[in-house]
Asks: 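There's a structure below that I have some questions on.
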Amino acid sequence: MHTRTTLAALVVAGASAAPAPALAQNSVLWAEFQQDNSVLVSAPAVGLSDVDEKDYAWADLNQDGWIDLVSVRKQPFTTQGRRTNVLFMNESGMLVDRTSQYATSSDVPGDMGFETPTNDRDVAIIDVNGDGWLDVITATTFSPGQPKEISHPRVYINMGESAGQWLGLNYEAARTPDWGTYPNMCGLGVGDVTGDGFPELYFSHYEQNAQVDLNDRLLINDGNGYFTDESTLRMTTAMRSSSFGTSASMADMNGDGYNDIVSVSGSGSTGGLTRSSVAYNNPNNEGYFNVLQEPYSGAPYHSAVGDLNQDNQLDLIISDDGADRYLLNQGNDVFGRVVWSPAYTYGAGVDIGFASNNLIRDLNGDGWPEAIFCDVDVDIPGCTRRMQIYHNRGGTAGGYVELREEVGSGYYGALGLPQLTATHDVAVFDIDNDGDEDMVVGRCAGTDVYLNQRDSMGTNYCGPAALNSNLGWGMMWATGSPLASANDLTLHASNLPPSQFAYFLVSQARGTIVMPGGSQGTLCLGGMIGRFNQAGQILFSDGTGNISLAVDTTAIPTPTVPATIQPGQTWNFTAWYRDFVAGQSTSNFSDGLEIMFR
């Protein structure tokens, strides 16, 4: 029989435990965002009120430690309408339109760089010439009758700095080949496939009424940032074949050390080729591709790669005209191809169909990245659906993971997010340099900015905790600021049994005390332990097993007198909670969370 646990007179002094792998925060309250459109500073027509199609890339272009944003724009849907692009420089957390200052240079007479209207549908940022400064490449679509500098992909070279001042971007027309007609490129992948350290470019082609049928194209870097078309030399026609090429990635899918090419062809005007494909780099002849695999047919529209289940193998997410999918990488077969899991659909919520741009990003910093799907079909008019964020609820490293859209009262995907209808693209990066991922959402009716409010803090240890009656393990996490002077700390615990008595414990020492006082769990604290059990601090878990407590860091409980957290100190936290086993009352603990304050 399990006895009731009391900590009032418990004396503990245990050995420290080794850190455990991060566990997914699988609470429905897993992340929180707050809209702050004041962050975006520009003329309304290219910023907050921008009604055109937008695609994003982001990186620190001027090497000041703040991530900048490039927005390429075009008239929505499959039209010839061209628009100017925008360079948003990140100035201490404010995204300011600095296009006219830094992105109007060109080696073509009369061309104004970003301010020359083009029909760009994708963009990437990478150092093409090895000078240590990141450059910008665009994929240009549907521009019949236009000269090469308007109808073809464009490379903007980062000019670096002089006397401590950044010089901006310069469009250089000779960097890419002339295909002789408008090439209709809709997707762009970048990466080194030849092994010389310089990135190549792969363009996904959209066949336009059989007038232009270039198929996808692979451009090889000469080491100085100039590109030649070696598509037919290095890849088979089957590998490059596309009807409506919409996205491309370069990544080492099978873990052999060589970058492969992942592409998507949606349904098109000729042949109706619909597939997501992988062209594998030949390890015996690097830079040449010898094996083609089609992991998914269905009705794919866009794909992205990333490690969803913490096994250091790249997985795949697919936007599908029907139900969106994800495929887990389960190792290689004898031919070096990835063995793919079934094409899983996303749990809970409602799949709104016809998703477009997608990406994999860890929005809450728990090591289990989320899948994000935008919704505007770039080909067919309509702005009636919404963006979907599928929370990665984790699992066993290398095993199945559940991704689901968390929907609650007034939010979709995560706290603070309304129905983000009609999204062309989303940029996910740390805008305010506080260590978490924020979002710029490009929509049919404008642009919105959402700042991440769950600033993840600390390191989990002593886990996973013991299973509880909710068939989960309690997990600690914290949000706020690691600055001791900020007095900004909120403790959270997830995966507890619902509607149960609980409170937090604190100590400056780690510990490992198994089943203290008859508890089912392990107490992860040592030394002098304090309890948050005063008025207002005693909690009851909600219907999904969560508790949260805003902590006054100037009044941390100890067995003697309250303490104030000082810079340089490390404090450890855990949660104690009531539990039941076989109908008998007992208790349990979450894992531990160590936070170093500065």
Asks: What is the distance from atom OG of Ser241 to atom CG of Asp216, rounded to the nearest 0.5 Å?
Replies: 8.0 Å
Asks: Give a yes or no on whether the backbone of Thr421 and the side-chain of Thr423 come within a donor-acceptor separation of less than 3.5 Å.
Replies: no
Asks: Considering residues, nucleotides and ligands other than Phe198, do more than 12 of their heavy atoms fall under 6.0 Å from its CZ?
Replies: yes
Asks: The test is side chain to side chain donor-acceptor pair (under 3.5 Å); show your working for Ser42 and Asp97 and say whether it passes.
Replies: CA-CA 5 Å; Ser42 69; Asp97 179 4; 5.2 Å; no
Asks: For Arg386 and Glu405: C-alpha separation, side-chain torsions, deciding distance, then whether salt bridge (charged side-chain N to carboxylate O under 4.0 Å, His left out) applies.
Replies: CA-CA 12 Å; Arg386 61 178 171 84; Glu405 184 183 33; 2.5 Å; yes
Asks: Could you go through the side chain to side chain contact (heavy atoms under 4.5 Å, CB included) check for Tyr156 and Asp135 one step at a time?
Replies: CA-CA 6 Å; Tyr156 297 85; Asp135 311 300; over 6 Å; no
Asks: Output yes when a side-chain donor or acceptor of Ser204 lies under 3.5 Å from a complementary backbone atom of Ser247, and no otherwise.
Replies: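 Checking the backbone N and O of Ser247 against the side chain of Ser204, a donor-acceptor pair under 3.5 Å is found.
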Asks: Angle between ring planes, Phe142 versus Tyr182, binned at 30° and 60°: parallel, tilted or perpendicular?
Replies: tilted
Asks: Verify, without hydrogens or angle tests, whether Asp307 (side chain) and Asp311 (backbone) share a donor-acceptor contact under 3.5 angstrom.
Replies: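 Looks like yes, one N/O pair under 3.5 Å.
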Asks: In Å, rounded to the nearest 0.5 Å, how long is the span from CG of Leu292 to CG of Asp260?
Replies: 11.5 Å
Asks: Report yes if the side chains of Val264 and His302 come closer than 4.5 Å at any heavy-atom pair, otherwise no.
Replies: no
Asks: Applying salt bridge (charged side-chain N to carboxylate O under 4.0 Å, His left out), run through Arg154 and Asp111 and close with a yes or a no.
Replies: CA-CA 12 Å; Arg154 290 164 66 104; Asp111 189 276; 3.0 Å; yes
Asks: Using a 3.5 Å distance criterion without hydrogens, assess whether the side chain of Asn184 forms a donor-acceptor pair with backbone atoms of Tyr206.
Replies: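 At least one qualifying donor-acceptor pair exists.
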Asks: Does Asp379 use its side chain to pair, donor to acceptor, with the backbone of Thr78 at less than 3.5 Å?
Replies: no
Asks: Rounded at 0.5 Å granularity, tell me how far OG in Ser92 sits from CG in Asp64.
Replies: 8.0 Å
Asks: What class does the angle between the rings of Tyr102 and Trp166 fall in, given that below 30° is parallel, 30 to 60° is tilted and above 60° is perpendicular?
Replies: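 Tyr102 vs Trp166 ring planes: tilted.
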Asks: Kindly compute the distance separating CG (Asp52) from CG (Asp50), expressed to the nearest 0.5 Å.
Replies: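 CG of Asp50 is found 5.5 Å from CG of Asp52.
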Asks: Taking the six-membered ring for Trp, is the centroid-to-centroid distance between Tyr344 and Tyr400 below 6.0 Å?
Replies: yes
Asks: Less than 4.0 angstrom from a charged side-chain N to a carboxylate O is my criterion; do Arg83 and Glu115 meet it?
Replies: no
Asks: Does a side-chain heavy-atom distance below 4.5 Å link Trp66 with Asn433?
Replies: yes
Asks: Nearest 0.5 Å, what's the CG-OG1 distance between Asn85 and Thr118?
Replies: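 Here the interatomic distance stands at 4.5 Å.
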Asks: Within the supplied structure, the quantity of interest is the number of heavy atoms (other residues, nucleotides, ligands) at a distance under 6.0 Å from Tyr412 OH; does it exceed 12?
Replies: no
Asks: We want to know whether His152 and Thr176 form a side-chain donor-acceptor pair, criterion being a heavy-atom distance below 3.5 angstrom.
Replies: no
Asks: Would Asp178 and Lys148 satisfy salt bridge (charged side-chain N to carboxylate O under 4.0 Å, His left out), going step by step from the backbone distance to the final call?
Replies: CA-CA 7 Å; Asp178 189 339; Lys148 174 181 180 286; over 6 Å; no
Asks: Give me the one residue out of Asn392, Asp436, Asp438, Ile389 that meets side chain to side chain contact (heavy atoms under 4.5 Å, CB included) with Leu363.
Replies: Ile389
Asks: Donor-acceptor pair, distance only, cut-off 3.5 Å: does the side chain of Asn357 make one with the backbone of Phe373?
Replies: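 Such a contact is absent between Asn357 side chain and Phe373 backbone.
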Asks: Ion pair present between Arg443 and Asp448, side-chain N to carboxylate O less than 4.0 angstrom?
Replies: yes
Asks: Regarding Lys54 and Asp425, does a basic nitrogen lie under 4.0 Å from an acidic carboxylate oxygen?
Replies: no
Asks: Is any side-chain heavy atom of Ile317 less than 4.5 Å from a side-chain heavy atom of Ile360?
Replies: yes
Asks: If you measure from CE on Met235 to CZ on Phe289, what distance do you get to the nearest 0.5 Å?
Replies: 5.5 Å
Asks: So, the side chain of Asn281 versus the backbone of Val193: is there a donor-acceptor pair under 3.5 Å, distance only?
Replies: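 It does hold such a pair.
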Asks: Salt bridge or not for Lys74 and Asp120, using N-O below 4.0 Å?
Replies: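 A salt bridge is absent here (no side-chain N lies under 4.0 Å from a carboxylate O).
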Asks: Compare all side-chain heavy atoms of Ile137 with those of Val123 and state whether any distance is below 4.5 angstrom.
Replies: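 No; the side chains remain at least 4.5 Å from each other.
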Asks: Are the charged groups of Glu91 and Arg98 less than 4.0 angstrom apart, N to O?
Replies: yes
Asks: Any sub-3.5 Å donor-acceptor pair from Ser265's side-chain atoms to Ser242's backbone N or O?
Replies: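 Checking the backbone N and O of Ser242 against the side chain of Ser265, no donor-acceptor pair under 3.5 Å is found.
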Asks: Quick test of your reading of the model: are Arg121 and Glu53 salt-bridged, counting only N-O distances below 4.0 Å?
Replies: yes
Asks: Taking side chain as C-beta onward, heavy atoms only, is Gln419 less than 4.5 Å from Tyr411?
Replies: no
Asks: Using modelled atom types and a 3.5 Å cut-off, is there a donor and acceptor pairing between side-chain atoms of Glu370 and backbone atoms of Tyr390?
Replies: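 Answer holds: no.
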Asks: When you measure from the side chain of Ser263 to the backbone of Ala248, do you find a donor-acceptor pair of N or O atoms at a distance under 3.5 Å?
Replies: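 No: the side chain of Ser263 does not pair with the backbone of Ala248.
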Asks: Can the ring centres of Phe354 and Tyr301 be said to be less than 6.0 Å apart?
Replies: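 Between Tyr301 and Phe354, which both carry aromatic rings, the centre distance is not below 6.0 Å.
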Asks: Answer whether the closest heavy-atom distance between the side chains of Val291 and Arg337 falls below 4.5 Å.
Replies: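 Side chain of Val291 against side chain of Arg337, heavy atoms only: contact under 4.5 Å found.
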